[in-house]
Amino acid sequence: MASVKKTIPLGFALCALVIAGLVIWNAWPSKEVNLLAIGNFAVLTLTLIVLVWYAYDTNLIARVTVERWQRDGVLSTTYSMDLAQGSKPGDAGRTMFQLHNPSTLVVRAKVACNFKVYDQPVLYAPAYDGTELWVLFPQQVSIGWFEIAPLLQAKGKTVADMIAEHNPVNAKQQLTMFLELEFWDETGKHRKLPGRPHYFDFGRWRWIPHLTEGPQA
């Protein structure tokens, strides 16, 4: 694409030179040739070529700048999630959720956790069900948190119940999350990450992401 765009000013410059050359060639044998007029014509032609090339370079610089801003905006934003320091089996299971914005742009994010307890959907709070947007200031980390206990209570379960019921068969169905993240930056650039499944392992007391996906239908 870049090579195609570059041929436009090159083609224009070549055409201008050819036309100017033909005009001067045809005018030169004339007895009434005006050298000053021909000189002015040649200078104007060269000036036009320089202006066209300058416009091309200016447009190229602007395009590179926009691409850099886009790359440094939503494409650099990441997340992390882990249990709070000191959390141990049987407590409320406070989970720290962090969104990192290393760019120089303000980024807004939508976080949809899609929690389920034994395949039954559970809502937690607007910041985690995609209703409210997170505002990520430049080169900062925004930190929120949620707890496992209220999620279980919404379906009549407790942390103790889930630990007692935990076994290798139901480990990946007890409490699950299908995390969906979307980002927007100041330039209007939008990025939606593929949904990422997680499950909470009550035996190992930690959130575990699925690192692979099943075969495509």
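Treat the numbers as computed from the prediction; the structure is a model and nothing was measured.
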Donor-acceptor check, side chain of [X] to backbone of [Y], threshold 3.5 angstrom: yes or no?
X: N170; Y: E165; value: yes
X: D201; Y: R204; value: yes
X: S142; Y: Q140; value: no
X: D185; Y: G188; value: yes
X: N101; Y: L105; value: yes

Hey, could you give me the [atom1]/[atom2] distance between [X] and [Y], rounded to the nearest 0.5 Å?
X: T95; Y: E147; atom1: OG1; atom2: CD; value: 8.5 Å
X: C113; Y: D129; atom1: SG; atom2: CG; value: 8.5 Å
X: S87; Y: R94; atom1: OG; atom2: CZ; value: 10.0 Å
X: D119; Y: T176; atom1: CG; atom2: OG1; value: 6.5 Å
X: H100; Y: S76; atom1: NE2; atom2: OG; value: 11.5 Å
X: S103; Y: E186; atom1: OG; atom2: CD; value: 8.0 Å

Is there side-chain contact between [X] and [Y], with at least one heavy-atom pair below 4.5 Å?
X: Y79; Y: V111; value: no
X: W184; Y: V106; value: no
X: N114; Y: E180; value: yes
X: F200; Y: I148; value: yes
X: R191; Y: K189; value: no
X: Q153; Y: L151; value: no
X: M81; Y: M96; value: no
X: L152; Y: V159; value: yes

Would you please classify the geometry between the F146 ring and the Y124 ring as parallel, tilted or perpendicular, with 30° and 60° separating the classes?
perpendicular
W207 vs F115 aromatic rings, parallel, tilted or perpendicular, using cut-offs 30° and 60°?
tilted
For Y128 and W145: C-alpha separation, side-chain torsions, deciding distance, then whether ring pair (Phe, Tyr, Trp, His ring centres under 6.0 Å) applies.
CA-CA 9 Å; Y128 296 95; W145 58 268; 8.7 Å; no
Tested for side chain to side chain donor-acceptor pair (under 3.5 Å) against Q174, the lone hit among K116, K157, H166 is H166
Would [X] and [Y] show up in the same hydrophobic cluster when neighbours are defined by side-chain heavy atoms closer than 4.5 Å?
X: W134; Y: F137; value: no
X: L179; Y: Y199; value: no
X: I163; Y: L175; value: yes

Report the residue from T78, V107, L136 that forms a side chain to side chain contact (heavy atoms under 4.5 Å, CB included) with L99.
L136
Do you know the tightest heavy-atom contact between L193 and F183?
CD1-CE1, 3.9 Å
With a 4.0 Å cut-off, would you call K110 and E132 a salt bridge?
no
Given the side-chain rings of F178 and H198, with only the six-membered ring counted for Trp, is the space between their centroids under 6.0 Å?
no
If you count every heavy atom of other residues, nucleotides or ligands that lies below 6.0 Å from K155 atom NZ, does the total exceed 12?
yes
